[in-house]
There are 2 protein chains.
Amino acid sequence: MKKPETLLKRHHVRVTNIRKEIVAALLEKETALSYREIRDCICESHDRVTVYRTLNTFVNEGIMHTISSADGVVRYALCSDGSCEPHHHDDRHIHFLCKKCGRTFCLPFRAQPDFEIPTGYKMDSFEISVSGLCENCLNPS
Amino acid sequence: MKKPETLLKRHHVRVTNIRKEIVAALLEKETALSYREIRDCICESHDRVTVYRTLNTFVNEGIMHTISSADGVVRYALCSDGSCEPHHHDDRHIHFLCKKCGRTFCLPFRAQPDFEIPTGYKMDSFEISVSGLCENCLNPS
DNA sequence: CTATACTTGCAACAATGTTGCATAAATAAT
DNA sequence: ATTATTTATGCAACATTGTTGCAAGTATAG
Ligand SMILES: [Mn+2]
Ligand SMILES: [Mn+2]
Ligand SMILES: [Zn+2]
Ligand SMILES: [Zn+2]
């Protein structure tokens with residue numbers, strides 16, 4: 001388990017309470033979280049605006065990336081070590097939305113499929129969102 | 001070129017002005033449109049709420065489906081004939097977002113790739129969003 | 001043509017997200 | 001350790017998206 005402070009320093013951003021709290025929430029839950037969920041994990045006294053600004057900073061600095069699911073909710077997930085440079089998110093991994101518990105996971109990188117896209121179109125990057133049942137919901141222990 | 005009225009009747013929804021205008025806009029542009037873009041295509045006097053309710057009706061009746069892109073904007077696209085049943089959108093096609101012109105296209109169905117997802121997860125459905133350059137922007141005529 | 005079922009517009013509300021500006025806090029410099 | 005500088009925060013205000021309840025209007029079936 002990594003310390004939020006270490007992570008922030010490694011990315012050369014100032015260490016503040018709200019930043020530590022938000023990173024801690026993401027590290028603890030181990031899933032992607034929406035603004036609302038993040039809000040519910042941190043001290044209530046922080047202003048909404050500060051939360052949004054913090055999340056924007058994290059995305060810009062390559063600390064987190066956003067995931068916009070089919071349900072229209074934007075979620076934030078920690079970038080795995082070294083996978084995201086500032087302003088250059090590496091999107092080679094797949095996102096998984098569990099239909100039962102509603103949690104969103106970044107799946108570990110696996111072999112990527114090839115696509116057939118029509119002639120005339122040029123592909124730069126792609127994103128794959130899978131939905132179904134997560135480990136926990138499929139095999140409740 | 002199909003008539004909006006025909007399309008609405010085939011789906012057993014009442015034919016009203018706003019419905020004809022919205023379907024006409026989608027048929028004409030041949031791309032997915034956001035609420036904002038749709039609003040700019042139709043008569044200004046229609047109420048916002050009616051636009052949203054119309055779009056919801058269309059999605060529920062299988063006339064359109066939504067696309068939530070990486071930019072967080074929800075777009076609406078006509079379902080190709082027979083591809084969508086009410087409440088049961090067929091998501092076998094790929095969505096393409098052009099980085100230059102910003103337009104979103106539903107690509108015609110092609111062979112689908114296989115995914116490797118980690119053991120323990122069960123996949124129900126998936127969605128693929130590709131971004132890059134569209135026909136028009138790649139080969140300006 | 002009339003009855004009825006559905007659609008519309010309006011008012012009100014809630015959530016998300018942004019900007020400008022003064023104050024406060026974190027870090028760098030002394 | 002103290003001060004100076006840079007950056008972050010809180011507050012007010014605003015814009016946009018999206019929803020609901022309700023009364024009035026309209027499309028369609030009979
Ligand atoms: Mn991810
Ligand atoms: Mn589509
Ligand atoms: Zn689950
Ligand atoms: Zn284009």
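Each chain gets a letter, A, B and so on, in the order its sequence line appears, and its residues count up from 1.
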Take atom CG of Leu55(A) and atom P of dA15(C), then tell me their distance rounded to the nearest Å.
18 Å
Does the Asn139(A) side chain pair with the main chain of Glu135(A), one donor and one acceptor, at a distance under 3.5 Å?
no
Distance below 4.0 Å between Ser45(B) side-chain N/O and dT8(C) OP1 or OP2
no
Quick one: does Ser68(B)'s side chain have a donor or acceptor within less than 3.5 Å of a partner on Val74(B)'s backbone?
no
Using heavy-atom distances to pick each residue's nearest nucleotide on DNA chain C, tell me which of Arg53(A) and Arg48(A) is more 5'.
Arg48(A)
Determine whether the side chains of Ser34(A) and Arg75(A) contain a donor N or O and an acceptor N or O closer than 3.5 Å.
no
Is the shortest side-chain N/O distance from Ser34(A) to OP1 or OP2 of dT16(C) below 4.0 Å?
no
In whole angstrom, what separates Asp47(B)'s CG from dG18(D)'s C1'?
13 Å
Any Thr57(A) side-chain N or O less than 4.0 Å from OP1/OP2 of dA8(D)
no
Taking the minimum atom-to-atom distance to the side chain of Thr16(B), which one of dT20(D), dT8(C), dC11(D) wins?
dT8(C)
With a 4.0 Å cut-off on heavy atoms, is Asn56(A) in touch with a base, just the backbone sugar-phosphate, or nothing at all?
sugar-phosphate
Would you work out how much the helix from dC1(C)-dG30(D) to dT30(C)-dA1(D) bends between its ends, with each end axis defined by five base pairs, to 10 degrees?
40°
For dA8(D) and Thr50(A) - does any side-chain N or O of the residue sit under 4.0 Å from the phosphate oxygens OP1/OP2?
no
Give a yes/no on whether any side-chain N or O of Arg36(A) is located under 4.0 angstrom from OP1 or OP2 of dT16(C).
yes
Atom NE2 of His46(B) to atom C1' of dG25(D): distance rounded to whole Å?
15 Å
When rounded to the nearest 0.5 angstrom, what distance separates OH in Tyr121(A) from SG in Cys98(B)?
9.0 Å
Is there a donor N/O on one and an acceptor N/O on the other, under 3.5 Å, for the side chain of Arg14(A) and the base of dT6(D)?
yes
Assert: residue with more 5' nearest nucleotide on DNA chain D, out of Val74(B) and Lys9(B), is Val74(B)
With a 4.0 Å cutoff (strictly under), does any side-chain N or O of Tyr35(B) reach OP1 or OP2 of dT17(D)?
no
Tyr52(A) or Val15(A), whichever maps to the more 5' nucleotide of DNA chain C:
Tyr52(A)
Can you check whether Phe58(A) and Tyr76(A) have ring centres sitting under 6.0 Å from each other?
no
Distance, rounded to the nearest Å, where Glu5(B) contributes CD and dA27(D) contributes C1':
11 Å
Residues that Glu5(B) engages under side chain to side chain donor-acceptor pair (under 3.5 Å), provided they are two or more places apart
Lys9(B)
